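Just so we're clear, the structure is a prediction, and the values are computed from it rather than from any experiment.
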Amino acid sequence: MSREVSTMQNIRSLFIALAGITVFAAMALFTVSLTLAVGGILTVLLAARAISLRMKPAPVRAKANNAQQREMRVWNDGRGTIIDL
């Protein structure tokens with residue numbers, strides 16, 4: 001009788017160990033997938049920000065070469081070039 005109980009305890013211990021390993025593997029897989037998802041979202045946001053900053057037109061400043069003329073201002077407001085004489 002004691003041999004049967006010992007065998008049952010060994011089988012029960014084996015199933016508990018397998019269940020623990022399965023839970024640990026599932027948690028590790030969830031953590032890795034969550035990390036990849038957050039990393040992908042951050043990568044997309046970073047790329048979108050870099051592209052949007054690159055597409056913004058920079059203002060262009062210019063001055064007249066002749067000192068007798070008053071200063072000429074030229075800039076681009078994003079809809080076209082503006083020249084102020």
Legend entry - ILVMFWY cluster membership beyond Leu46 - transitive side-chain contacts under 4.5 angstrom: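 Noted: Leu46 shares its cluster with no other residue.
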
Inset, instruction - Give me the other members of the hydrophobic cluster that Ile82 sits in, counting Ile, Leu, Val, Met, Phe, Trp and Tyr linked by side-chain heavy atoms under 4.5 Å, directly or via other members. - result: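 For the cluster that includes Ile82, the remaining residues are Trp75.
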
Inset, instruction - State the CG-CD1 distance between Leu14 and Ile11, to the nearest 0.5 angstrom. - result: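 Leu14 CG to Ile11 CD1: 8.0 Å, rounded to 0.5 Å.
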
Legend entry - Contacts of Arg79 that satisfy salt bridge (Lys or Arg N to Asp or Glu O under 4.0 Å) - sequence neighbours left out: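 If we apply the salt bridge (Lys or Arg N to Asp or Glu O under 4.0 Å) test to Arg79, skipping adjacent residues, the hits are Asp77.
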
Side chains of residues 34-45: which donor-acceptor partners sit under 3.5 Å, not counting sequence neighbours?
residue, atom, partner, partner atom, Å
Thr35, OG1, Thr31, O, 2.8
Thr43, OG1, Gly39, O, 2.7

